[in-house]
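Model, not experiment: these values are computed from the prediction.
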Amino acid sequence: MTLKELMAKHTPNPDFEGYVTNDDFVLAVDCSADGKGNDPGEFAVVEMGITGLDAQMNPITQDKQYIRAGQSTTKTGTQRSFAVKGDRYIGDPFQDFAQSHTVKYGTGNTVIRNYVYFCILNGKGEQGQVSIIVNSDGAGDSGESAEIDIELRKAGSLPVEYSYAPPAEPAKAKSAGTAAPAADK
């Protein structure tokens with residue numbers, strides 16, 4: 001499912017206030033062949049067969065001991081990551097892409113893709129790039145579903161703020177207008 005297809009059923013309210021569940025967050029990844037998809041509406045939504053999506057901030061810190069001040073911690077960065085776990089579903093665009101030979105064994109730029117991650121209730125979140133790391137492509141006991149384990153970790157620049165906006169409606173073309181036939185009297 002593409003982000004555009006998912007969001008056709010939802011209208012975020014930027015002023016939403018209240019509790020959210022994990023199901024209220026959307027992670028969508030560019031799974032285009034060349035990795036240059038610029039339209040988040042065409043990104044593949046990570047959802048089919050997914051039992052867990054763990055979005056982590058992974059702060060990077062440095063601890064120092066100062067004279068008379070004691071221990072002090074300085075935050076020096078953040079490594080965004082997503083842990084995707086679930087059951088293998090063949091036919092899902094994200095899973096098929098992540099489980100492709102090119103991605104499972106790929107390195108460097110071949111496994112870096114654009115993503116968006118936001119709350120479906122208010123449309124607010126982030127946009128950036130991640131490296132796709134496949135840890136397991138089908139584990140489990142006999143007779144059970146094949147389980148997958150995929151990590152997506154920030155690559156390159158820090159993510160930027162993102163606000164979902166529905167695609168603009170195409171302008172309706174005005175007809176040239178034809179003269180109405182004369183009415184019979």
Side-chain angles (χ1 to χ4, degrees), residues 1-13 16 18-35 37-58 78-107 110-156 159-167:
M1 170 183 297
T2 65
L3 182 59
K4 177 174 43 178
E5 292 168 334
L6 172 69
M7 295 307 292
K9 303 171 195 163
H10 300 279
T11 304
N13 174 359
F16 171 82
Y19 292 105
V20 297
T21 69
N22 204 34
D23 289 350
D24 295 324
F25 289 92
V26 177
L27 174 62
V29 178
D30 176 10
C31 295
S32 64
D34 63 2
N38 293 323
D39 178 8
E42 298 302 321
F43 290 5
V45 175
V46 179
E47 74 173 1
M48 184 61 81
I50 303 306
T51 58
L53 175 61
D54 190 8
Q56 292 291 316
M57 297 305 293
N58 307 317
T78 302
Q79 175 64 25
R80 161 60 93 186
S81 68
F82 301 95
V84 178
K85 296 185 186 283
D87 297 331
R88 178 67 171 107
Y89 187 94
I90 296 173
D92 175 67
F94 170 74
Q95 284 198 38
D96 290 351
F97 175 75
Q99 298 291 340
S100 70
H101 188 82
T102 303
V103 174
K104 287 193 294 189
Y105 294 101
T107 59
T110 62
V111 297
I112 294 176
R113 288 295 190 265
N114 293 326
Y115 78 92
V116 293
Y117 178 69
F118 64 96
C119 178
I120 205 167
L121 301 173
N122 66 7
K124 297 176 184 177
E126 68 187 46
Q127 179 173 347
Q129 290 189 315
V130 288
S131 287
I132 301 173
I133 303 155
V134 178
N135 295 317
S136 175
D137 62 351
D141 294 329
S142 175
E144 293 182 355
S145 296
E147 298 173 3
I148 60 166
D149 179 358
I150 303 168
E151 287 181 68
L152 294 89
R153 293 187 189 172
K154 181 191 85 61
V160 295
E161 285 188 60
Y162 174 81
S163 292
Y164 175 80

Check: Does any non-hydrogen side-chain atom of Leu6 lie less than 4.5 Å from one of Val26?
Finding: yes

Notebook entry, point to check: Looking at Ala44 and Cys31, what are the two nearest heavy atoms and their distance?
Noted result: CB-SG, 3.8 Å

Item checked: Single hit among Gln56, Gln129, Glu126 for side-chain hydrogen bond (donor to acceptor under 3.5 Å, both in side chains) with Arg80 -> Glu126

Note to self: Less than 4.5 Å apart, side chain to side chain, heavy atoms only: is that true for Leu3 and Pro40?
What the structure shows: yes

Item checked: Closest non-hydrogen atom pair between Arg153 and Ser81, with its separation -> CG-CB, 4.0 Å

Notebook entry, point to check: Ignoring hydrogens and geometry, is there a side-chain-to-backbone donor-acceptor pair from Asp92 to Gln95 under 3.5 Å?
Noted result: yes

Checklist line | Salt-bridge present (Asp137, Arg88; N to O < 4.0 Å) | finding: no

Check: What's the verdict on side chain to side chain contact (heavy atoms under 4.5 Å, CB included) for Ile150 and Phe94, showing C-alpha distance, side-chain angles and the deciding distance?
Finding: CA-CA 11 Å; Ile150 303 168; Phe94 170 74; 4.1 Å; yes

Notebook entry, point to check: Are any non-hydrogen side-chain atoms of Leu152 and Tyr115 less than 4.5 angstrom apart?
Noted result: no

Check: Quick check: does any side chain N or O of Lys154 sit under 3.5 Å from a backbone N or O of Gly156, one acting as donor and the other as acceptor?
Finding: yes

Item checked: Distance, nearest 0.5 Å, that separates CG of Asp39 from NZ of Lys4 -> 6.5 Å

Notebook entry, point to check: Less than 4.5 Å apart, any side-chain heavy atom of Asp54 and any of Phe82?
Noted result: no

Notebook entry, point to check: Run the side chain to side chain donor-acceptor pair (under 3.5 Å) check on Asp30 and Ser32 step by step: do they pass?
Noted result: CA-CA 6 Å; Asp30 176 10; Ser32 64; 2.7 Å; yes

Check: Short question: side chain of Asn114, backbone of Val29 - any donor-acceptor pair under 3.5 Å?
Finding: no

Next item on the list: Name the orientation class of the two ring planes belonging to Tyr162 and Phe118 (parallel below 30°, tilted from 30 to 60°, perpendicular beyond 60°).
Entry: tilted

Margin query: Can you give me the closest heavy-atom contact between Ser131 and Ile112, atom names plus distance?
Written below: OG-CG1, 3.6 Å

Note to self: I'd like to check Asn58 versus Thr78 (side-chain heavy atoms, cut-off strictly below 4.5 Å). Are they in contact?
What the structure shows: no

Check: Do you know which two heavy atoms are closest between Lys85 and Ile50, and how far apart they sit?
Finding: O-CG2, 3.4 Å

Margin query: Looking at Glu161, I want to see if its CD is surrounded by more than 12 non-hydrogen atoms of other residues, nucleotides or ligands under 6.0 Å.
Written below: no

Item checked: Test side chain to side chain donor-acceptor pair (under 3.5 Å) applied to Asn135 and Glu151, step by step -> CA-CA 7 Å; Asn135 295 317; Glu151 287 181 68; 2.7 Å; yes

Notebook entry, point to check: What pair of heavy atoms forms the shortest contact from Thr110 to Thr102, and how long is it?
Noted result: OG1-O, 4.5 Å

Check: Is there a donor-acceptor pair under 3.5 Å between the side chain of Asp96 and the backbone N or O of Pro93?
Finding: no

Notebook entry, point to check: Under the 3.5 angstrom rule, does the side chain of Glu5 hit a backbone N or O of Thr2 as a donor-acceptor pair?
Noted result: yes

Check: Mind checking what makes salt bridge (charged side-chain N to carboxylate O under 4.0 Å, His left out) contact with Glu147, not counting sequence neighbours?
Finding: none

Margin query: Side chains of Met1 and Glu47, heavy atoms from C-beta outward: is any pair under 4.5 Å?
Written below: yes

Next item on the list: State the CE-CD1 distance between Met48 and Ile90, to the nearest 0.5 angstrom.
Entry: 13.0 Å

Notebook entry, point to check: Closest approach of Ser163 and Lys124, non-hydrogen atoms and distance?
Noted result: OG-CG, 4.3 Å

Check: Between Tyr117 and Phe25, is the ring centre distance below 6.0 Å?
Finding: yes

Margin query: Working to the nearest 0.5 angstrom, can you tell me the gap between Asn13 CG and Asn122 CG?
Written below: 8.0 Å

Checklist line | Ile120/Met7 under side chain to side chain contact (heavy atoms under 4.5 Å, CB included): CA gap, chis, key distance, verdict | finding: CA-CA 8 Å; Ile120 205 167; Met7 295 307 292; 3.8 Å; yes

